[in-house]
Amino acid sequence: MKFYIATDHAGFHYKAQVIDYVRSKGHEIIDLGPETADRVDYPDYGRKCAEAVKADPGSFGIVICGTGIGISIAANKVPGIRAATCHDAYTARMARAHNNAQILGFGERVVGMGVVQSMIDAFIETSFEGGRHERRVEKIDAIDAFYKKEA
Ligand code: RB5
């Protein structure tokens, strides 16, 4: 699998460890920044990751901020992107199985590295179940399409 990763300053300290972990599992991961722990705005980095994933069909993303919430909200503003703020292996698994999320989000101030690794494992190992979930995901895309027409 190919991943892109981006954080804000509050998620920055996990970034290197997450990159190492994903690579140790045999997957590719591209670092979209930031390069230092200086304060940055999470919408810039959520957007950056979401745009990279959208431009590279079949790829996935990881976004990290303090809570995982703000950076995921920002990523979700990119049409067609589904970023899930997860807290454990169960939510990470469901984000793939039911929501076909392409981006895993979490908070450095919320979960420890052991939980992070279990979420990454679950996200990697789980495929979208399709079926009834396909229709629901299509309805999410329909919301994007509706508001695009209005704009
Ligand atoms: C930064 O202090 C913090 O607000 C940010 O990392 C994130 O938690 C926002 O959702």
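Computed from a predicted model, the values in this text were never measured in an experiment. As the structure lists them, so they are numbered: ligands from 1, and atoms in each ligand from 1.
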- Options Ala74, Cys65, Gly107, ranked by nearest heavy atom to atom 7 (C) of ligand 1, top entry: Cys65

- Does the pair Arg82/Asp141 count as a salt bridge with the N-to-O cut at 4.0 Å? yes

- Closest non-hydrogen atom pair between Gly61 and Phe3, with its separation: N-CD2, 4.1 Å

- For ligand 1, is Arg109 a contact, meaning one of its heavy atoms is under 4.0 Å away? yes

For [atom], find the nearest protein heavy atom and state the residue, atom name and distance (0.1 Å precision).
atom                    : result
atom 10 (O) of ligand 1 : Gly70 N, 2.9 Å
atom 5 (C) of ligand 1  : Asp8 OD2, 3.3 Å
atom 4 (O) of ligand 1  : Tyr42 CE2, 4.4 Å

- Message: Using a 3.5 Å distance criterion without hydrogens, assess whether the side chain of Arg96 forms a donor-acceptor pair with backbone atoms of Ala101.
- Response: yes

- Query: Which is it for Asp8 and Arg39 under the salt bridge (charged side-chain N to carboxylate O under 4.0 Å, His left out) test, yes or no, and what are the steps along the way?
  - Reply: CA-CA 7 Å; Asp8 73 354; Arg39 269 177 203 287; over 6 Å; no

- Item | For Ala10, the ligand 1 atoms whose distance to one of its heavy atoms is below 4.0 Å | 6 (O)

- Query: Which ligand 1 atoms, with their elements, are less than 4.0 angstrom from a heavy-atom of Gly66?
  - Reply: 5 (C), 6 (O), 7 (C), 8 (O)

- Item | Test item: Val116 and Tyr14 side chains (from C-beta on) under 4.5 Å apart, heavy atoms | yes

- Please state which part of Thr67 comes within less than 4.0 Å of ligand 1, counting heavy atoms only: side chain, backbone, both or neither. both

- Message: Once rounded to the nearest 0.5 Å, what's the spacing between atom CD1 of Ile19 and atom CD1 of Ile62?
- Response: 9.0 Å

